Amino acid sequence: MTHPHDHDHGPHDHAHPHHHEPEPVAGSWRDPDDDHPLSIARRRFLAGMGAAAGAAALSGALPAVPAAAGERPPAPANPWGGRYRWFAGDHHIHTKYSPDAQYEVATQVAKAREYGLDWVVITDHGGVAHQKFSIDQVAPDIEAARLAYRDMLVYQGLEWNIPGAEHATVFLPPGRDTVEILRAFEAGYDGGVLSTPVSAGGRGLIARSTSADGEPYALEALRYLDRQVRSGRTEIALMLANHPARRGVDSPHELRGWRDAAPGVAVGMEGAPGHQAAGIPGASGGARGYYESSPGQDSFPGYAPTESENPYRTYGGFDWMTAKVGGVWDSLLAEGLPWWITSTSDSHQVYLDTHTPGTQDHASTGSRGAPVDTGVPRPYGDYWPGYYSSTLVGARSRSYVDIMRGLQAGAAVAVHGGLIEGLDLRVRAREDGDTRGVTVGGRTYVRRGGDVQVEIWIDLARRPNHGGAVPRLAKVDLIAGPVTGAAGDRDTMSAPGTRVVRTFEPARGAHGRVRFSHTFTDVEGPFYLRVRGSDGNRLTGAGDPVMDVPADADPWADLWFYANPVFVDVR
Amino acid sequence: MVLRQPCLRGRPLSTGQGHWIGAAPSPEFAGGTAAHADAACLAALDGAGLAAELVCTHTDRAARVAALTLSARLAEPPDDRHLADLARRLGGAAVRPGAAEAASGAASGAEAAARAAASARAGEDGRCVRFPGQDALTGVVAAGRIAAESAIDRVAGVGVAVHPDALVDTRDFLRPVFRGGALVLLVEPAAGGLLRPAEIEHPHACCGGH
Ligand SMILES: [Zn+2]
Ligand SMILES: [Zn+2]
């Protein structure tokens, strides 16, 4: 193993353009015309707001390429009014081809279908054994699952060890070259493969999977995927960073680096990690999401826990980067660039399931073999795909490429425990500007000094979730912040101008579809907005999610959803 | 949020006193979990015959690849033979800053080792794996007792105030950190109304298949 000491190129040496001066948004966060949110909600509910669209419809369209900050997009992205539908899915699922997991591909796909998902990505851990032995076994299993469950979309993917950082989902639509692209990608760029000594079958090029000498390989890896798209070997390829704050090893400059290296490929991160059962009292004894770590050698120093927060914990089940208003996610959005969030199961071993892994040696065979049924329920920390976590993606059809394009365009909402069934967002210029408007993940514009209207329709839960209750949406936060352009410091991790602008409360007893609205008046500068909602069970005094308590976090009693943002340019 | 315990019963020397050494193990010295590396570092110090009463680990970020370094406070000044023995056990460097920079091991390692010793002596940085009073702090103990009966200066809660009577489930594993001249144990809410340290010995191992 080599340990280069490269003193003249530290992790913070980044050349980056600084072409966009901050433009404060003055006086645009108030909406003097609107009444108290509760009465607004009730009035509009009583007025019969359900007329806009069918419960499963999403208005939105999907752009081919996201616009860069500071440039004026030729046309609004994700325009309002198309006939698009939500497709629920999960981009992070393990099988017996992971050394720490156990299920057959067919089992995971069958469970996902049973629990209401339309699409899944099989993401076993990258590494020497997976690259050498597992890929050739999982590919036919995935083919077989597609045939057995024809209404399910089953993607082949990888849980990539990002060199220098955490894990990430990488996946492609089915195609002639899909398996070969994934195989070459893993051999060339998996942090496990790169850090394993040559004598053990790896490449011995970096010190550790998470050490900073891997960072250039991560960027090269994403450019490799981008080239596969540009050369036509695959129609699309996506990367989403998984459990980004769990060990503090995804520094802000790495997130920005991935995004900028291949904006069409590296499109976001898990807003909420999987393992949501891990904090159930009396279960594994762990923390929700298995977020129970503390700073290590490769952790970003800026994430060190303090008396005010611990970035290594989940907050209301969501990753701190997403859960903190004005935090890491907002600092990325404040640059005016896309970075989307999702919610997944990371299903390895399911809470109270009776199976244990098979007895096969993964290191030499790439598989644990068939799981063994012990007949004894086990206090595992995960749920089946779709059982608790889902990512709703807006797409024009139930096709492999369309759903990936929806995710790429940010037409996505992360939902826990079936808190909502759908969300429709319309953001538009009231008069002067893009009066048609756009939806989740979109980009619209208004003339300087104009007003921007936000309308939110939410399909409330109608059925009990798998926790046994019909979830009740207690509040919806509209969050907004100025777009201030490219961050001067690539490790920027806060967006001080971002805040909860407005909180809406659905009327008690509300059912079906509810509508809320808000108007940003006298908009002087570009900004973005996003929406989140909660069952209201666990809130700080400020209405934010509470840090989850290890071994004392019932996930069904603390439900949230987070929608992706809309950017508003000023022309 | 901060508990300051005025009673200094049985209090050891403040961080600035004593005889500090620093060390930089080779990258191959100890892999695995932090707790595993801690044990290996302590074994090397003890094996070299250095009676360290306070031992910290550090992350040295001077090079592209972050590296583990150590600092230790000794009751007696170390002799060069013991330092050389420590360097050999660590496969790296061991230094006694100030004393004509008496060092054993490679120059770059010696620099990193000196940085570790300096930052711990100043109380600015260091994750403490051994400290006076540690052995008595097992099981569930009152926060006030932790500050009163060990080298830990204060017990600080993440998002919660820590009353001296608040109970901390130590899980027999305490890793306070130096911050702004004080040794601070960061705790957070745990099940059953207890507090527990923000760093635990065995966090769920995330498996990368490598
Ligand atoms: Zn992972
Ligand atoms: Zn995973």
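Proteins come first, then strands; the chains are lettered A, B, ... in the order of their sequence lines, and each starts at number 1. As the structure is a computational prediction, the values presented were derived from the model and not from experiment.
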Minimum side-chain heavy-atom gap B/V65-A/R208 below 4.5 Å: yes
Set of side-chain hydrogen bond (donor to acceptor under 3.5 Å, both in side chains) partners for B/S26, sequence neighbours left out: none
Chain B contact via A/E309 - side chain, backbone, both or neither, heavy atoms under 4.5 Å: backbone
Heavy-atom contacts under 4.5 Å, residues 542-550 of chain A to chain B: A/M547, A/V549, A/P550
Shortest non-hydrogen contact from B/A191 toward A/A551: CB-O, 3.8 Å
Segment of A/T540 engaging chain B (4.5 angstrom heavy-atom cut-off): neither
ring-ring contact (aromatic ring centres under 6.0 Å, His included) contacts in which one or both residues fall within residues 279-299 of chain A, not counting sequence neighbours: A/H275-A/Y290, A/Y290-B/H204
Heavy-atom pair count under 4.5 Å with chain B, highest-scoring of A/P305, A/S211, A/G286, A/S293: A/P305
Nearest atoms (heavy-atom pairs only) where A/E292 meets B/H202: OE2-O, 4.2 Å
Per-residue contact mode, B/R61 against chain A (heavy atom under 4.5 angstrom): side chain
Between CD on residue B/E199 and OH on residue A/Y312, distance to nearest 0.5 Å: 10.5 Å
Point-to-point distance, once rounded to the nearest 0.5 Å, from CD1 of A/I206 to CZ of B/R64: 11.0 Å
With sequence neighbours excluded, residues passing ring-ring contact (aromatic ring centres under 6.0 Å, His included) with A/Y351: none
Residue B/R127 versus chain A: region with a heavy atom under 4.5 Å: neither
N-O pairing of A/E307 and B/R154 below 4.0 Å: yes
Nearest non-hydrogen partners of B/V158 and A/S308, listed with the distance: CG1-C, 4.5 Å
Heavy-atom proximity to chain B below 4.5 Å, by part of A/S98: neither
Contacting region of B/A198 [heavy-atom separation from chain A under 4.5 Å]: both
Partner chain A: residue of B/A37, B/P189, B/A34 with the largest heavy-atom pair count (under 4.5 Å): B/P189
Side chain, backbone, both or neither of B/L186 within contact of chain A (heavy atoms, under 4.5 Å): side chain
